[in-house]
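In what follows, a structure is listed as structure tokens, so that the remarks can point back to it.
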Protein chains: 2
Amino acid sequence: MQVSKTLDYAVRSLTYMGNDPVLRHSMKEISEHQNIPLSYLAKIMRRLVKKGLVRSMVGPDGGYVLRKTPGEIKLRDVYEAIEGEIRMVDCMDKDNICVLYDNCAQLPVWDKVQMSMIKILDDTTLQDMLNEGASMSTRPN
Amino acid sequence: MQVSKTLDYAVRSLTYMGNDPVLRHSMKEISEHQNIPLSYLAKIMRRLVKKGLVRSMVGPDGGYVLRKTPGEIKLRDVYEAIEGEIRMVDCMDKDNICVLYDNCAQLPVWDKVQMSMIKILDDTTLQDMLNEGASMSTRPN
DNA sequence: ATAACGTGGATATCATGCATCCAGAATATA
DNA sequence: TATATTCTGGATGCATGATATCCACGTTAT
């Protein structure tokens, strides 16, 4: 029930790019500025490209650019690009056929948690985070 | 960002016990009814005992009883007994001194998610889950 | 005395998050 | 055309933690 490092990397990369939404940013640049292992960043960027959040250009002076404005990119999009569909609980999946209906006592609660999280991630754009980040960056640590 | 199997086991065990809040329930009984590996359940019960959610009695006819009524046991208590303090994001912990203030762009959002989750878990008791579970158990699967 | 049951420590298994490496394709520039 | 730069994609390694098992021991009801 924690934010994964990978997701953190992704968000950091995107907010970083969001500061100059027009420029192209190379992996090397992002990696250095955000302190993310280059080789791992490559994997992450791949997912963001596939999900249509960023566009990539190869060759010298290549790199990545946001495909939308920071105001149009929802945190939910980022989350789902990295983690897949948001889902708090695995049930009736795979081989688990949830014979115990006791089990279902929990489902409504986790659904509730899930929905409230989705709502927040849906309502938060990169732009929002950039704004907040600015105000946060004045506080110590 | 998912409910762990262990937490699921804990909740299942407690809701099961909540159906007969007065009786003692042996691990064997719980294990069989809830389909939880006995030896693993032992570990889980240990934590619930330590956190004061459940009282244990050894010897023949021993077992576990809820220490409070289902209406007094919050899901948050269960969560924290199993997972420890609720915290979405690790930052400024350990060796990570969060030098990147870009990073902080995220914090407010995850805090928000965290608080909304805490609120829900705080507002939900075993009793609530038992009630809901009853209404849920009528739907297929 | 005996059988039933929880306790607690050691240990095994396994999945997965995180990370690294490398050969290859694309492309800008000279 | 040659070269340097950058992304691509697949294979692989590593470490951590969740899940699970085992067993010797202490307790207690009968």
Side-chain angles (χ1 to χ4, degrees), chain A residues 1-13 17 23-32 34-67 79 81-84 87 89-90 93-96, chain B residues 1-13 17 23-32 34-67 79 81-84 87 89-90 93-96:
Chain A
M1 197 69 71
Q2 274 207 333
V3 175
S4 74
K5 218 167 185 176
T6 309
L7 178 55
D8 174 75
Y9 287 161
V11 176
R12 291 225 306 267
S13 301
M17 295 173 70
L23 279 62
R24 65 99 208 168
H25 305 271
S26 73
M27 280 204 305
K28 189 152 171 287
E29 178 197 350
I30 300 175
S31 162
E32 281 167 1
Q34 294 295 315
N35 199 30
I36 301 171
L38 179 62
S39 51
Y40 192 52
L41 181 59
K43 301 305 176 198
I44 295 172
M45 295 313 287
R46 210 79 279 287
R47 294 196 236 176
L48 298 182
V49 168
K50 278 189 181 159
K51 294 297 178 174
L53 294 182
V54 300
R55 181 207 326 239
S56 71
M57 295 157 303
V58 295
D61 226 48
Y64 300 91
V65 199
L66 297 183
R67 272 193 114 98
Y79 185 106
I82 299 300
E83 311 278 16
R87 131 174 320 216
V89 133
D90 263 345
D93 263 23
K94 310 180 176 184
D95 43 333
N96 297 328
Chain B
M1 198 67 75
Q2 273 208 335
V3 176
S4 74
K5 220 166 182 175
T6 310
L7 177 55
D8 174 75
Y9 286 161
V11 176
R12 290 225 307 266
S13 301
M17 294 172 70
L23 278 63
R24 65 98 208 165
H25 304 270
S26 72
M27 281 205 304
K28 189 152 170 287
E29 180 197 348
I30 300 175
S31 162
E32 281 168 0
Q34 294 296 315
N35 199 31
I36 302 172
L38 179 62
S39 50
Y40 192 51
L41 180 59
K43 302 305 175 197
I44 295 173
M45 294 314 286
R46 211 79 278 286
R47 293 196 235 175
L48 298 182
V49 169
K50 277 190 181 160
K51 294 297 179 174
L53 293 182
V54 152
R55 181 207 325 240
S56 71
M57 295 156 306
V58 295
D61 225 49
Y64 301 91
V65 199
L66 297 184
R67 271 193 116 97
Y79 184 106
I82 299 300
E83 311 278 16
R87 132 174 319 214
V89 133
D90 263 345
D93 262 23
K94 308 182 175 183
D95 44 332
N96 297 328

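What you see below is based on every heavy atom in this structure, not just the backbone, and it leaves out hydrogens, waters and symmetry mates.
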Would you indicate, yes or no, if dT7(C) has its OP1 or OP2 atom less than 4.0 angstrom from a side-chain nitrogen or oxygen of Tyr64(B)? yes
Testing the 3.5 Å rule here: is there a donor-acceptor pair between the side chains of Tyr40(B) and Ser31(B)? no
CD1 of Ile44(B) versus C1' of dG6(C): gap in Å, rounded? 15 Å
Shortest non-hydrogen pair, Val65(B) vs Met57(B), comes out as CG2-CE, 3.5 Å
What is the distance, rounded to the nearest whole Å, between atom CD of Glu32(B) and atom P of dC5(C)? 10 Å
So which heavy atom on Gln34(B) is nearest to which on Arg12(B), and how close? O-NH2, 2.6 Å
Gap separating the CD1 atom of Ile36(A) from the OG1 atom of Thr6(A), nearest 0.5 angstrom: 10.0 Å
Taking 4.0 Å as the cut-off, does a side-chain nitrogen or oxygen of Lys5(B) come that near to OP1 or OP2 on dA20(D)? yes
Atom CE of Met27(A) and atom P of dC22(C): how far apart are they, to the nearest Å? 15 Å
Nearest to the side chain of Tyr9(A) - dC7(D), dT21(D), dA19(C)? dA19(C)
Keeping the roles fixed (side chain from Arg47(B), backbone from Ile82(B)), state whether a donor-acceptor pair exists under 3.5 Å. yes
Could you tell me whether the phosphate oxygens of dC7(D), OP1 or OP2, come under 4.0 Å of any side-chain nitrogen or oxygen in Arg46(A)? no
Interatomic distance, Gln2(B) CD vs dG17(C) C1' [rounded to whole Å]: 14 Å
Between the side chain of Arg24(A) and the main-chain N/O of Gly62(A), is any donor-acceptor distance below 3.5 Å? yes
Interatomic distance, Ile82(B) CD1 vs dG17(D) C1' [rounded to whole Å]: 15 Å
With heavy atoms under 4.0 Å as the rule, sort Met57(A) into base, sugar-phosphate or nothing. sugar-phosphate
From CD1 of Ile36(B) across to C1' of dT21(D) the rounded distance in Å is 16 Å
Roughly how far apart are Met17(A) CE and Tyr64(A) OH, rounded to 0.5 Å? 9.0 Å
Ser56(A) side chain N/O closer than 4.0 Å to the phosphate oxygens (OP1, OP2) of dT8(D)? yes
Starting at the 5' end of nucleotides 23-30 of chain D, put B wherever the base has a protein heavy atom under 4.0 Å, S where only the sugar-phosphate does, and a dash everywhere else. ----BBB-
With DNA chain D as reference, determine whether Glu83(B) or Lys43(B) sits nearer its 5' end, using the nearest nucleotide of each. Glu83(B)
Starting at atom OH of Tyr40(A), determine the distance to atom P of dA11(D), rounded to an integer number of angstrom. 18 Å
Between C1' of dG17(C) and CG of Asp8(A), the distance in whole Å: 14 Å
